[in-house]
Amino acid sequence: MVAKMKYISITGHIGSMNHVVSRYLSRYDIQLEQASSELMKPFTTLNPYAQTLRKAEMFAGMVDGPPAIYVPMTAAAAVNLVEEAAAAYERRDERLKEAEVRLFEVRKQIEVLRNFTSLDMELSNNLEFIHCRLGRLTAAQFRRYERFLQDDEKILFIPAKREKDFVHGAYFTPVSHRDEADAAFASLEFLPADLPAKTAKTPAALLHHLRLEVLQTEKDITELTHNTLGGVCGKEKLAIACAKVKNLYAAFDVKKYAAISRGRRVFTFSGWMSQNDADSLASEISGDDLALFTCYGKDSESGEADQSRPPTLLKNLPIIRQFEFFTRLYGLPDYGEIDPTPLLAVTYTLLFGLMFGDIGHGMVLALLGILVQRRWHPDLGGIMTVVGASAAFFGVLYGSIFGFEFRPLWMRPQADIMSTIVFAAALGAGLITLSMLLNMYNAFRRGRIGELLFSANGVAGLMFYGAALWILVRVLVQGHPLTLPVVLLAVLPLIFVSFKHPLENLLAGHRIRPKESIGQFIFNTIIETFETLLTYATNTISFVRVGAFAVSHAGMMHVVLQLSRGAAGAQNILILVFGNVLVMGIEGLLVGIQVLRLDFYEIFSRFYKGGGRAFEETYSKR
């Protein structure tokens with residue numbers, strides 16, 4: 001759901017700004033807005049911790065983080081400690097400096113060697129009769145080589161790696177022809193590689209050797225650095241000082257959002273925060289003589305506020321919150337608009353399970369989701385876990401585990417294809433109807449009566465869609481004839497949909513007559529009506545893919561089982577395992593994309609606009 005927002009301000013004497021930042025802004029989620037007026041100007045003082053911060057960030061990579069429990073350090077002590085450590089580091093001994101220079105050179109050689117690992121030759125210039133040089137040509141110069149020098153019997157160029165702009169490789173020529181070959185490749189702007197002059201190793205072997213040298217050198221540098229800094233303070237104390245400097249920089253950086261009076265006596269922080277946080281902050285700050293808290297205006301469901309359009313802050317349960325990843329792909333809801341994430345979470349989970357129903361496949365997907373959630377992408381991994389559990393649940397209903405069938409608790413899609421397709425279409429009609437109701441609720445909240453009554457997703461559109469579905473059931477299922485009263489039941493609401501704009505103008509008291517000519521208006525109305533009818537039909541039929549994928553999933557596994565049964569011994573198991581992996585990979589990816597498409601185009605497009613601006617807390621809670 002979209003959290004209710006409040007526009008607030010905190011005002012105080014300039015001397016209490018640090019108190020407000022550390023006590024309130026650092027503990028509450030607030031999106032500060034840059035504020036200024038004729039009487040108030042932005043805070044423009046440069047951050048005094050900028051230089052020290054760069055040194056603290058460098059040392060933070062050399063030492064571990066601060067311990068969980070430690071005695072707080074004052075700002076002056078933290079800054080002095082980091083500066084003393086930086087001075088000691090600048091005075092470090094020659095061994096450490098030499099190690100750092102060597103590390104830089106070795107890393108440069110590694111970058112060059114990566115381009116020549118395909119060459120199976122020793123990097124030695126001790127060849128008695130052959131002259132060899134490694135380097136690179138631009139792509140354009142390499143084409144010149146192919147045109148003018150490739151046929152020269154005394155020159156051989158072997159490409160090792162081709163890139164978009166360069167070709168890396170080595171050229172060989174007899175020693176007697178060395179000067180001529182070097183001159184020819186110099187004219188081609190050949191850039192020699194900076195590599196060790198003499199070595200009996202191939203590029204791949206030398207690359208491995210240099211990487212081991214990098215690891216050892218980094219270890220030596222770390223040890224020497226700790227010894228250097230140990231003369232100033234311990235690692236834990238330095239880690240505490242670095243963390244303190246980072247906090248000091250962040251706290252001062254927040255001040256750029258403050259508006260300062262012309263006499264530089266009064267400051268004001270203004271911004272957005274959730275209503276619950278605003279109420280808590282108002283209660284906490286009420287007894288503080290150093291700050292004045294103000295909450296402006298009333299919360300507006302329509303998204304209109306006294307100051308600016310409120311940002312969107314989503315508040316959902318953890319199991320639903322991970323689906324916000326998909327919602328943000330479409331666009332955040334505008335303030336006052338319905339958050340589609342709960343509906344997306346339910347429909348995505350339900351439709352995925354219907355299309356990918358198999359106990360084994362669902363469990364494997366859920367386990368992969370747990371791995372992805374912990375190591376790479378928490379939201380995507382969480383979604384995979386939930387939909388995997390849904391697929392396993394529907395696998396029980398379908399009676400399928402890794403393609404092997406048992407007695408289903410509900411139905412077997414492949415055995416009753418027509419029922420599966422009809423159920424999918426009926427489910428789609430229900431979801432489309434729900435999306436229309438949500439659009440009507442959105443329009444009612446925003447006071448858009450014309451859209452509520454006459455739009456294709458409003459009352460008139462819902463009446464037409466419901467009547468059309470009832471007529472289809474009446475004629476195709478029950479076998480009743482198509483009579484004029486029955487047809488009029490669908491045509492009348494469609495007329496209201498077709499003439500939506502004139503009817504909206506009538507309600508608003510504006511001119512009914514269209515701006516264009518009558519002929520143009522009629523032509524546009526016919527085209528729009530046809531497009532509306534086509535949208536209703538295609539959106540409903542689109543849900544047939546839910547049943548089709550359920551049938552195809554079972555069909556593909558049936559093929560895998562048939563192939564495995566025709567093999568013997570280890571081949572049987574190999575085909576079974578490979579077939580399951582292939583089906584899970586292909587079907588899982590396709591189903592995930594198709595379900596997202598159904599949510600975005602068949603459901604979201606009817607009630608959801610998006611376009612909201614994300615809430616971004618200016619100073620994270622410490």
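Nothing here was measured: the structure is a model prediction, and the numbers come from that model.
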Residue pair Val386 / Phe352, side-chain heavy-atom distance below 4.5 Å: no
Nearest atoms (heavy-atom pairs only) where Tyr28 meets Asp277: CE2-O, 3.8 Å
Whether Asn439 side chain and Asn457 backbone form a donor-acceptor pair below 3.5 Å: yes
Heavy-atom donor-acceptor pair, Tyr601 side chain to Asn539 backbone, under 3.5 Å: no
Side chain to side chain, Ile260 and Met17, heavy atoms closer than 4.5 Å: yes
Glu528 side-chain N/O to Thr525 backbone N/O, donor-acceptor pair under 3.5 Å: no
Tyr330 ring center near Tyr608 ring center (under 6.0 Å): yes
Centroid-centroid under 6.0 Å between His377 and Phe325 rings: yes
Closest contact, heavy atoms only, Ala389 versus Ala366: N-CB, 4.3 Å
Distance-only polar pair, side chains of Thr341 and Thr327, donor-acceptor under 3.5 Å: yes
Sidechain-backbone polar pair: Ser280 side chain, Asn276 backbone, donor-acceptor under 3.5 Å: yes
Side-chain (Arg321) to main-chain (Leu317) donor-acceptor, under 3.5 angstrom: no
Minimum heavy-atom distance between Lys6 and Ala278, given as atom pair plus value: CB-CB, 4.1 Å
Residue pair Ser542 / Leu598, side-chain heavy-atom distance below 4.5 Å: yes
side-chain contact (heavy atoms from CB on, under 4.5 Å) evaluation trace for Phe543 with Ile603: CA-CA 11 Å; Phe543 279 91; Ile603 300 177; 4.1 Å; yes
Arg545/Glu602 salt bridge by N-O under 4.0 Å criterion: no
Tyr24 vs Glu284, side-chain contact (heavy atoms from CB on, under 4.5 Å): CA-CA, chis, key distance, verdict: CA-CA 9 Å; Tyr24 303 118; Glu284 183 178 350; 3.9 Å; yes
Under-4.0 Å salt bridge between Glu337 and Lys609: no
Side-chain (Thr529) to main-chain (Ser498) donor-acceptor, under 3.5 angstrom: no
Ring geometry between Phe464 and Tyr536 (parallel below 30°, tilted from 30 to 60°, perpendicular above 60°): tilted
Donor-acceptor pair, side chain of Asp358 and main chain of Phe402, under 3.5 angstrom: yes
Any side-chain donor near an acceptor of the partner, Tyr257 and Thr618, under 3.5 Å: no
Flag if over 12 foreign heavy atoms under 6.0 Å of CZ, Phe496: no
side-chain contact (heavy atoms from CB on, under 4.5 Å) evaluation trace for Leu281 with Ile10: CA-CA 10 Å; Leu281 180 56; Ile10 304 176; 4.0 Å; yes
Straight-line distance of Ile401 CD1 to Met363 CE, nearest 0.5 Å: 7.0 Å
Residues, nucleotides or ligands: over 12 heavy atoms within 6.0 Å of Met411 CE: yes
Thr11 and Thr268: CA distance, side-chain angles, deciding distance, side-chain hydrogen bond (donor to acceptor under 3.5 Å, both in side chains) verdict: CA-CA 4 Å; Thr11 304; Thr268 298; 3.2 Å; yes
Minimum side-chain heavy-atom gap His361-Asn580 below 4.5 Å: yes
Between CG on residue Leu590 and CZ on residue Arg597, distance to nearest 0.5 Å: 13.5 Å
Close side-chain approach of Val546 to Thr420, heavy-atom, < 4.5 Å: no
Minimum side-chain heavy-atom gap Leu367-Thr385 below 4.5 Å: no
Polar side-chain atom of Ser283 near backbone of Asp279 as donor-acceptor pair, under 3.5 Å: no
Distance in Å, Gln31 CD paired with Met5 CE, rounded so as to fall on 0.5 Å steps: 7.0 Å
Phe356 and His553 aromatic ring geometry - parallel, tilted or perpendicular at 30°/60° bounds: tilted
Ring center gap for Phe423 and Trp410 short of 6.0 angstrom: yes
Atom pair CD1/OG of Ile14 and Ser261 - distance to nearest 0.5 Å: 7.0 Å
Salt bridge Glu33-Arg613, side-chain N to carboxylate O under 4.0 Å: yes
Parallel, tilted or perpendicular: rings of Phe607 and Phe604 (30°, 60°): perpendicular
N/O donor-acceptor pair under 3.5 Å between Thr312 side chain and Pro333 backbone: yes
Interatomic distance, Leu290 atom CG to His13 atom NE2 [nearest 0.5 angstrom]: 10.5 Å
Residue pair Leu332 / Leu314, side-chain heavy-atom distance below 4.5 Å: yes
Step-by-step side-chain contact (heavy atoms from CB on, under 4.5 Å) determination, Trp272 to Ile30: CA-CA 6 Å; Trp272 294 97; Ile30 306 176; over 6 Å; no
Whether Phe269 and Phe267 hold their rings parallel, tilted or perpendicular, with breakpoints at 30° and 60°: perpendicular
Leu438 side chain reached by Leu343 side chain, heavy atoms, under 4.5 Å: yes
Shortest non-hydrogen separation from Arg606 to Ser435 and the atoms involved: CD-OG, 3.3 Å
Distance (rounded to the nearest 0.5 Å) between Ile449 CD1 and Phe454 CZ: 10.0 Å
CD1/Ile319: more than 12 non-hydrogen atoms of other groups inside 6.0 Å: no
Short side-chain to backbone donor-acceptor contact, Ser455 and Gly458, under 3.5 Å: yes
